Amino acid sequence: MPEKPEFQSITWQDGNLQIIDQTFLPDREVYSQLTSVGQVWDAIKNMRIRGAPAIGIAGAYGLHLGINDLHETGFGTFYSESQRIAEYLNSSRPTAVNLSWALKRVLQTIYSQKEKPVSELKEIALQTAITIHEEDERMCKSIGRHGAERVPGNASILTHCNTGGLATAKYGTAFSVILHAHQDGKVKMVWVDETRPMLQGSRLTTWELDKAGIPFTLNIDSAAAFLMQQNKVDLIITGADRIAKNGDTANKIGTYNLAVLARAHNIPFYIAAPYSTIDMNLDTGDQIDIEERDPSEVTGFNGHQAAPEKLNVYNPAFDVTPHDYITAIITENGVIEPDYTEQFERIFNQKIPNSEAL
Ligand code: MRU
């Protein structure tokens, strides 16, 4: 098991949520204390914390922070207020299902013990958040182990966005596969898509790869086709924000481009994600709500204008890769080959059922 990385994306400390503020990276490693549900909402919305599993974990702690401030003593009003706070947190970002999944899980755990006093239920909410946090770390490690078996020796791997310890409790999803494969001595090179417009690849993935001592090269997103044409990519692996029951996968904008290119160049294209990213309530990817973000993310960066101020901008944060472009989905339960629906149903029958949408 790789001991690296040497940072903690999320920590619960002295009654507060501590996060590494990803907007300062890679320049500075700044840790922020979030002491209220409003601060957690803002941190998720403004991508101080980001990545599907990480926003689920932060959301669960945020729900605890919110309900801890409630004065209600009767279960009925306490629970309806808790639901209201969960809905508020869930409004911060719509695409990654991990957020609503984690919030629903906290609510369900509270509801299942409703005979207990409210003071105890507040503590139960915290314990559930801690469980979600710890469980994510274990799942990420397991994803890495399973995925590394698919990596050939001397591999050049192309990845998109950031899927590492920053985006999860620890290790990451696609990044964990790379970490484990590197530990097995199989990684020659990681090609890092810069990931326009928020540069999660160039700002965050390179930072994590550097810390882990893994060889990498940064490329602009539009260089991916040329790299593949020159036989410089052996496999592509990315994370996911929401996977529908049939395997259609929403992930960072540009992921679908890679899947189409992988098909054209006969390169395996893998998705790595824990079960908290699979949404069994959606039959296909058409039903996934795709977040559109502020035009300013495209027209400039860090206060620098890169386009005329007034123009039409289309800025979807995610796209959906149809399941038949995906070679396999790497989960903590192993590598899942198509037919995804059948395999997912088998897994979910053994686990806590995925929550309905909030
Ligand atoms: O907008 P972001 O940076 O939150 O998008 C993140 C991604 O698309 C990741 O690939 C995904 O959440 C998986 S992270 C393990």
Side-chain angles (χ1 to χ4, degrees), residues 5 9-10 19-23 25 43-59 92-102 132-133 135-137 139-144 147 158-179 192-205 207-208 221 236-243 249-259 269-279 285 288-294 297-298 315-321 326 329-332:
S9 56
I10 305 169
I19 59 157
I20 184 164
D21 187 332
Q22 299 188 30
T23 60
L25 291 171
I44 296 173
K45 177 82 185 167
N46 293 306
M47 295 171 71
R48 287 186 236 293
I49 180 139
R50 47 143 298 283
I55 65 174
I57 298 163
S92 55
R93 292 196 79 186
T95 303
V97 70
N98 310 62
L99 179 56
S100 62
W101 170 85
I132 290 170
H133 193 174
E135 185 182 279
D136 189 65
E137 181 174 329
M139 291 192 298
C140 285
K141 203 187 293 177
S142 184
I143 286 170
L158 189 138
T159 192
H160 192 66
C161 197
N162 171 265
T163 63
L166 290 168
T168 60
K170 208 170 177 179
Y171 307 117
T173 55
F175 193 94
S176 180
V177 175
I178 295 169
L179 264 179
V192 182
D193 268 6
E194 65 173 351
T195 318
R196 280 275 298 150
M198 296 303 283
L199 306 182
Q200 290 92 331
S202 56
R203 291 189 303 110
L204 310 175
T205 302
W207 183 80
E208 287 202 48
D221 298 339
I236 299 169
I237 175 159
T238 76
D241 288 84
R242 192 183 293 243
I243 303 174
T249 295
N251 190 51
K252 179 53 54 195
I253 190 75
T255 303
Y256 177 37
N257 301 34
L258 293 177
F269 176 85
Y270 294 105
I271 294 287
Y275 85 104
S276 51
T277 308
I278 302 169
D279 188 345
I288 299 175
D289 186 1
I290 299 294
E291 176 183 14
E292 279 188 44
R293 293 187 62 87
D294 201 272
E297 291 180 353
V298 179
N315 185 20
F318 302 96
D319 58 25
V320 178
T321 300
I326 301 168
I329 299 178
I330 301 160
T331 73
E332 73 280 12

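Whatever order the structure lists them in is the order used to number ligands and atoms, beginning at 1. In this text, all values refer to a predicted model and were calculated from it rather than measured experimentally.
- In terms of protein heavy-atom proximity, atom 3 (O) of ligand 1 is closest to R50 NE, 2.4 Å.
- Note that CZ of F175 is 7.0 Å distant from OG1 of T205, once rounded to the nearest 0.5 Å.
- Here CZ of F269 is found 6.0 Å from OG1 of T255. Values are rounded to the nearest 0.5 Å.
- Close N/O approach between D241 and ligand 1 is found [any backbone or side-chain N/O within under 3.5 Å].
- If you take OG on S176 and CD on E332, they are separated by 11.5 Å, rounding to the nearest 0.5 Å.
- The atoms of ligand 1 that sit less than 4.0 Å from any heavy atom of A52 are 12 (O), 14 (S).
- Atoms of ligand 1 lying under 4.0 Å from at least one heavy atom of T168, given by number and element, are 15 (C).
- Ligand 1 is approached by M47 to a heavy-atom distance shorter than 4.0 Å.
- A donor and an acceptor atom, one from each side chain of D21 and T23, are located under 3.5 Å apart.
- Among all heavy-atom pairs drawn from K252 and R93, the shortest one is NZ-NH2, 4.4 Å.
- Proximity to Q200 (heavy-atom distance under 4.0 Å) selects the following atoms of ligand 1: 1 (O), 2 (P), 3 (O).
- Remark: minimum distance from atom 4 (O) of ligand 1 to any protein heavy atom is reached at R93 NH1, 2.8 Å.
- The nearest protein atom to atom 15 (C) of ligand 1, hydrogens excluded, is given as T173 OG1, 3.1 Å; this is a heavy-atom distance.
- Closest to atom 13 (C) of ligand 1, if we only count protein heavy atoms, is A240 O, 3.4 Å.
- Between T163 and ligand 1, no N or O atom pair is found at a separation short of 3.5 Å.
- When non-hydrogen atoms are compared, ligand 1 lies under 4.0 Å from the side chain of P53 (C-beta onward) but not from its backbone.
- Each of the atoms 4 (O), 12 (O) of ligand 1 lies under 4.0 Å from some heavy atom of G51.
- Close approach of ligand 1 to N251 (heavy-atom distance below 4.0 Å) involves ligand atoms 7 (C), 8 (O), 9 (C), 10 (O), 11 (C).
- Put simply, part of F318 is less than 4.0 Å from ligand 1, judged by heavy atoms.
- Residue contacts with ligand 1: G172 is excluded, as none of its non-hydrogen atoms falls under 4.0 Å.
- Nearest protein heavy-atom contact of atom 5 (O) of ligand 1 is K252 CE, 3.3 Å.
- Atom numbering of ligand 1 starts at 1 in the shown order; those under 4.0 Å from a heavy atom of A167 are 14 (S), 15 (C).
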